[in-house]
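This report concerns only the one structure given below.
Letters A, B, ... are given to chains in the order of the sequence lines, protein chains preceding strands, and every chain is numbered from 1.
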2 protein chains.
Amino acid sequence: MADTSGAPEPSLDEQIAAYQREFQDLDPQVEKVVSALSRLNRRMNVAYGRQTAELGMSNAEWEVLKALVLAGDPYRMGPGDLAKRLGLTPAAMTHRIDRMVAEGLVTRERDENNRVRVIVGITEEGRAKWLEAMRMATVFEEELLQDLSGEERHRLGEMLTRLLRRVEEAQPDAGGRLSDLD
Amino acid sequence: MADTSGAPEPSLDEQIAAYQREFQDLDPQVEKVVSALSRLNRRMNVAYGRQTAELGMSNAEWEVLKALVLAGDPYRMGPGDLAKRLGLTPAAMTHRIDRMVAEGLVTRERDENNRVRVIVGITEEGRAKWLEAMRMATVFEEELLQDLSGEERHRLGEMLTRLLRRVEEAQPDAGGRLSDLD
DNA sequence: GCTTCGAAGTTTAGAGTTGAAGTCTTCAGG
DNA sequence: CCTGAAGACTTCAACTCTAAACTTCGAAGC
């Protein structure tokens, strides 16, 4: 447990001032956007982590449930596809599924038609926990954005998707790893 | 045999449609902002990871160097403070410093005045690598924002800091964990 | 001075991940 | 059939992080 007491994180502006002090050719406006994005994301993950912990699971497990639900109708996927979707190795997926089967969140069976394949499905309990996590997440997200008008939300979403498009075409390979399935 | 390889990540809009299909009371505008933020951050970390790898280090090591440089003049900190700043446990910090000392990026010495304390400092090589990483990072960040006008950058930064302020007051405890020092 | 307490780091055990090697199944030739 | 190659997952060893126990030093009290 990281002891967060003391040594307060510098404010965004303090930090940007420090960057400018040590690295002259830095555009403070760019840095402000990038640093705010990074910090915001960190805080969001902390919030999600607390919520999933309340349901007795981890963010990692939540992401598997998300992938299965979002996959749609049969709500089943192979470990390999899940691994690609979450950006981790098949080995990690094997272990993660082991744990989740033990906890009753998902099922694992062999495909009858092709006995090499394995199929992971979501259980009733898994779906219920996903739903509850979604409820908590949307409450948090609405609070997060409460200071922005409808018009502002629209503009913010539009700008972010523009940035996303730009970086996605610069990184065509999905570049998995560091997951954080959204 | 549908070549399922790739299992391409669904586009943002596809994913939001999936969310709406499975969870009716969801505000698509909110979800768009949140998901774009999350994806953007993931892509940024991938980009930084490639750059630091080019310099023969990891993002984790880069973050230690950042903390030391941003700390200012003597460019030294104790492992405990570093750990707080990066949001990890003192134990993890001990190991990380071990590796970085072995790689010649930082130094570790005992404080003369108080022999319980340890002081971590940055080496010439460490500073040089930090500088080179900063150069690469700023090039990437400028490319990322190239589609936004100065006015748009300003508005984006302002909105993000507003969100950040909101979440920071909801999570007064710095909430370390999941570091990603910005 | 001696003892006790608190602070700062390190060590240890356990969870989760990666990359590489291994297993099992399917499919295409020969 | 039998063999070899490819695919899908699992197993194994090494690594990094967390939580908790431990060590050491410094500061008070008595």
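- Positionally, the nearest nucleotide of DNA chain D for I97(A) lies more toward the 5' end than for the other of I97(A) and A92(B).
- Applying the side chain to side chain donor-acceptor pair (under 3.5 Å) rule to R135(B) yields the partners E132(B); only residues at least two apart in sequence or on another chain are considered.
- As a whole-Å value, the separation of N59(A) CG from dG16(C) P is 13 Å.
- Base contact: P90(A) has a heavy atom under 4.0 Å from a base atom.
- Contacts between residues 110-122 of chain B and DNA chain D, defined by a heavy-atom separation under 4.0 Å, are made by N114(B), R115(B), V116(B).
- Taking atom CE on M93(B) and atom C1' on dT18(D), their separation rounds to 15 Å, with Å as the unit.
- Picking from dT10(D), dT18(C), dT17(C) the nucleotide with the shortest atom distance to the side chain of R99(A) gives dT17(C).
- In this structure, N41(A) and S38(B) have side chains that are in contact, with non-hydrogen atoms separated by less than 4.5 Å.
- E158(A) pairs by the side chain to side chain donor-acceptor pair (under 3.5 Å) definition with R162(A), not counting sequence neighbours.
- Nucleotide dT16(D) holds its P atom 16 Å from the CG atom of L86(B), rounded to whole Å.
- The NE2-C1' distance, from H95(B) to dA14(D), rounds to 14 Å in whole Å.
- Classification of R165(B) and E169(B) as a salt-bridged pair fails, no side-chain N sitting under 4.0 Å from a carboxylate O.
- Residue pairs meeting the salt bridge (Lys or Arg N to Asp or Glu O under 4.0 Å) criterion with at least one partner in residues 24-33 of chain B, sequence neighbours excluded, are D13(B)-K32(B).
- Here the C1' atom of nucleotide dA8(D) and the CD atom of E109(A) are 16 Å apart, to the nearest Å.
- Contact between the side-chain N/O atoms of R108(B) and the OP1/OP2 oxygens of dT10(C) is found at a separation under 4.0 Å.
- Computed from coordinates, the L88(A) CG to dC9(D) P distance equals 14 Å when rounded to whole Å.
- Under the side chain to side chain donor-acceptor pair (under 3.5 Å) criterion, E109(B) pairs with R76(B), sequence neighbours left out.
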All N/O donor-acceptor pairs, side-chain side in residues 124-131 of chain A, below 3.5 Å, sequence neighbours left out:
{"residue": "R127(A)", "atom": "NH2", "partner": "Y75(A)", "partner atom": "OH", "Å": "3.4"}
{"residue": "R127(A)", "atom": "NH2", "partner": "E22(B)", "partner atom": "OE1", "Å": "2.9"}
{"residue": "K129(A)", "atom": "NZ", "partner": "L55(A)", "partner atom": "O", "Å": "2.8"}

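- The phosphate of dT10(C) has neither OP1 nor OP2 within less than 4.0 Å of any side-chain N or O from R96(B).
- Looking at the side chain of T94(A), the nearest of the listed nucleotides dC9(D), dT11(C), dT17(C) is dC9(D).
- The nearest whole Å value for the distance from the CE atom in M100(A) to the C1' atom in dG16(C) is 14 Å.
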